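Beneath this line is the structure, given in structure tokens, with notes to follow.
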Protein chains: 2
Amino acid sequence: MKTRILVVDDQTVVREGLVLLLELLPGIDVAGACGDGEQAVAMVAELRPDVVLMDLRMPRMDGVEATRRIKEAHPDVGIVVLTTYADDDSIFAALRAGARGYLTKDAGADEIARAVDAVRDGASQLDPAVQRRLVEAVAAGGRPRRAGLPDGLTRREAEVLALIARGRSNTEIAGDLFISEATVKTHINNLFAKANLRDRAQAVTYAYEHGLVG
Amino acid sequence: MKTRILVVDDQTVVREGLVLLLELLPGIDVAGACGDGEQAVAMVAELRPDVVLMDLRMPRMDGVEATRRIKEAHPDVGIVVLTTYADDDSIFAALRAGARGYLTKDAGADEIARAVDAVRDGASQLDPAVQRRLVEAVAAGGRPRRAGLPDGLTRREAEVLALIARGRSNTEIAGDLFISEATVKTHINNLFAKANLRDRAQAVTYAYEHGLVG
DNA sequence: CGAGGCGTCCACCCGCAGGTGGAGGGGCAG
DNA sequence: CTGCCCCTCCACCTGCGGGTGGACGCCTCG
């Protein structure tokens with residue numbers, strides 16, 4: 001069973017080029033093509049393709065809105081965004097709207113094919129640069145590291161705290177910082193007093209909540 | 001200039017197989033290989049590879065922690081996780097720790113090569129299923145709320161862990177859960193063993209990294 | 001039925017974490 | 001110069017946290 005695709009792009013050359021390109025690929029069958037979001041929504045309802053290859057910048061209704069409406073009415077239809085731009089706004093808007101793939105127009109036919117296959121199988125295939133953005137969003141997502149030291153902690157105390165949050169023992173911290181264990185204890189006692197902490201477990205929580213680690 | 005790679009996997013067969021496999025690839029040069037996280041950290045400092053191919057489940061120090069330390073000391077070294085498991089916990093923990101690629105062991109040589117290239121060039125290459133998870137996390141808007149418990153923790157153990165992460169002492173936890181302190185200790189000892197933790201400070205870190213709190 | 005996992009509990013031991021009270025040197029500002 | 005803060009270090013004590021090796025009832029599953 002070939003994968004049935006709907007191509008949506010307002011630029012005629014691009015659209016027709018894509019159609020030709022896609023029909024050369026084994027396992028892919030171009031069910032239709034159109035040039036704006038409104039038509040796309042209508043044609044999905046009519047043709048019921050497996051996957052929609054969607055441009056973002058289009059007249060009358062943009063790709064994000066079209067994606068949203070299509071996913072609303074037909075959640076089982078996979079949508080792969082294929083666009084020139086890969087800025088964060090476009091990426092996140094499209095993914096939030098329900099797109100499962102995101103490629104730039106630098107992509108080759110094989111990449112498009114991979115993306116279509118992945119999306120049809122319920123997976124995802126994104127442009128490597130887009131993957132990077134996502135990874136970064138996830139990595140940063142959660143706790144943006146704040147700059148200043150909370151509660152008047154000294155630099156050294158914060159340093160010790162960070163090591164505590166890394167699960168290091170006092171002896172290990174002493175080794176890490178080339179100071180004696182006694183000094184480590186002093187710093188710890190001081191920072192406990194300043195931050196109103198009882199033990200290192202609370203200290204770790206404190207470190208995470210204040211973005212000193214994470 | 002060939003891309004220099006460090007292979008990290010505790011299973012000898014897998015590790016040596018990977019080395020052979022990778023050396024067949026043009027453009028890749030295997031700089032070294034080792035079997036646990038501690039060695040990995042040391043070898044990165046010594047060999048300065050371009051990319052580390054990292055397993056997650058390993059003795060002595062797991063891949064997430066090793067990734068974190070490597071990225072801390074050498075932010076320019078790219079890390080690609082190659083593991084059997086693709087659960088949300090592992091994925092997000094690894095990415096948060098600084099991994100830029102994530103593949104499962106179903107990946108073929110070509111996929112590994114693509115991932116290595118992408119990461120060396122500052123991009124990302126993830127397993128399609130992993131991409132899907134990320135897309136869904138983004139689409140869901142918020143951060144991933146994990147359902148399953150990591151490392152085979154029982155519900156009760158996770159409950160105790162959550163209280164530890166909130167800075168509660170054993171006596172307090174006993175009070176919170178209406179059980180004896182002895183029971184609390186038992187749960188703690190069990191979860192320490194399962195998650196390979198040494199003390200409650202490490203437990204708090206673990207809880208945060210696995211999204212049990214935060 | 002028996003095996004095994006889970007949750008509950010106990011006694012005992014030990015070490016490191018945490019608290020107290022000091023002391024000395026270097027840097028920076030008033 | 002003279003505080004004052006930061007970092008460094010010491011001795012001592014206490015107790016909670018963590019490890020060991022059990023025990024028992026309950027449930028599920030083969």
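Naming convention: chains lettered A, B, ... in sequence-line order (proteins, then strands); numbering from 1 in each chain. As the structure is a computational prediction, the values presented were derived from the model and not from experiment.
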Length of the line joining A/Asn196:CG and C/dG18:P, which is rounded to integer Å = 15 Å

At under 4.0 Å, does any side-chain N or O of A/Asn170 touch on OP1 or OP2 of C/dC16?
-> no

Base, sugar-phosphate, or nothing for A/Glu159, non-hydrogen atoms under 4.0 angstrom?
-> nothing

Run the salt-bridge test on B/Asp117 and B/Arg114 with the 4.0 Å N-O cut-off and return the result as yes or no.
-> no

Taking CD from A/Glu172 and P from C/dC16, how many angstroms apart are they, rounded to a whole number?
-> 11 Å

Any donor-acceptor N or O pair under 3.5 Å, side chains B/Asp36, B/Gln39 | yes

Heavy-atom side-chain contact between B/Leu177 and B/Arg156 under 4.5 Å = yes

For B/Ser124 and B/Arg100, does a side-chain donor sit closer than 3.5 Å to a side-chain acceptor?
-> no

Can you find a pair of side-chain heavy atoms, one from B/Leu56 and one from B/Tyr102, that are under 4.5 Å apart?
-> yes

Given atom CD1 of A/Ile164 and atom P of C/dG18, what is their separation to the nearest angstrom?
-> 7 Å

A/Leu197 CG to C/dG18 C1': how many Å, rounded?
-> 12 Å

Below 3.5 Å between N/O atoms, which protein atoms pair up with nucleotides 21-30 of chain C? Just atom names and distances, please.
none

Kindly say whether B/Val77 contributes a backbone atom to a donor-acceptor pair with the side chain of B/Lys71 at under 3.5 angstrom?
-> yes

Positional range of nucleotides in DNA chain D within the contact set of chain A, heavy-atom, under 4.0 Å = D/dC6 to D/dC10

Donor-acceptor contacts, no H, no angles, side chain residues 41-52 of chain B, under 3.5 Å, sequence neighbours left out:
unit_1, atom_1, unit_2, atom_2, d
B/Arg48, NE, B/His74, ND1, 3.3
B/Arg48, NH2, B/His74, ND1, 3.4
B/Asp50, OD2, B/Arg4, N, 2.7

Side-chain ion pair, B/Arg96 and B/Glu209, N-O less than 4.0 Å | no

Please examine the side chains of B/Ile5 and B/Leu22, heavy atoms only from C-beta on, and report whether any two atoms are closer than 4.5 Å.
-> yes

When the C1' atoms of the five terminal pairs at each end define the local axes, what inter-axis angle does the helix from C/dC1-D/dG30 to C/dG30-D/dC1 show, to 10 degrees?
-> 50°

Using a 4.5 Å cut-off on heavy atoms from C-beta on, say whether the side chain of A/Arg198 contacts that of B/Ser169.
-> yes

Under 3.5 Å donor-acceptor pairs involving side-chain atoms of residues 185-192 of chain A, not counting sequence neighbours:
unit_1, atom_1, unit_2, atom_2, d
A/Thr186, OG1, A/Ala182, O, 3.0
A/Asn189, ND2, A/Lys185, O, 3.2
A/Asn190, ND2, A/Thr186, O, 3.3

Separation of A/Lys185 atom NZ from C/dT20 atom P, in whole Å?
-> 13 Å

Enumerate all atom pairs, one protein N or O and one N or O from nucleotides 4-7 of chain C, separated by less than 3.5 Å.
unit_1, atom_1, unit_2, atom_2, d
C/dG7, OP1, B/Arg156, N, 3.4
C/dG7, OP2, B/Thr154, OG1, 2.7

Determine whether A/Thr67 and A/Met54 make a side-chain contact, defined as any pair of heavy atoms from C-beta on separated by less than 4.5 Å.
-> yes

Here the distance between atom C1' of C/dG18 and atom CG of A/Asp199, to the nearest Å, is 9 Å

Strictly by modelled atom types, are B/Tyr206 and B/Glu65 linked by a side-chain donor-acceptor pair under 3.5 Å?
-> no

Salt-bridge present (A/Arg166, A/Glu172; N to O < 4.0 Å) = no

Return the value, rounded to whole Å, for the distance between atom CG of A/Asn189 and atom P of C/dC16.
-> 17 Å

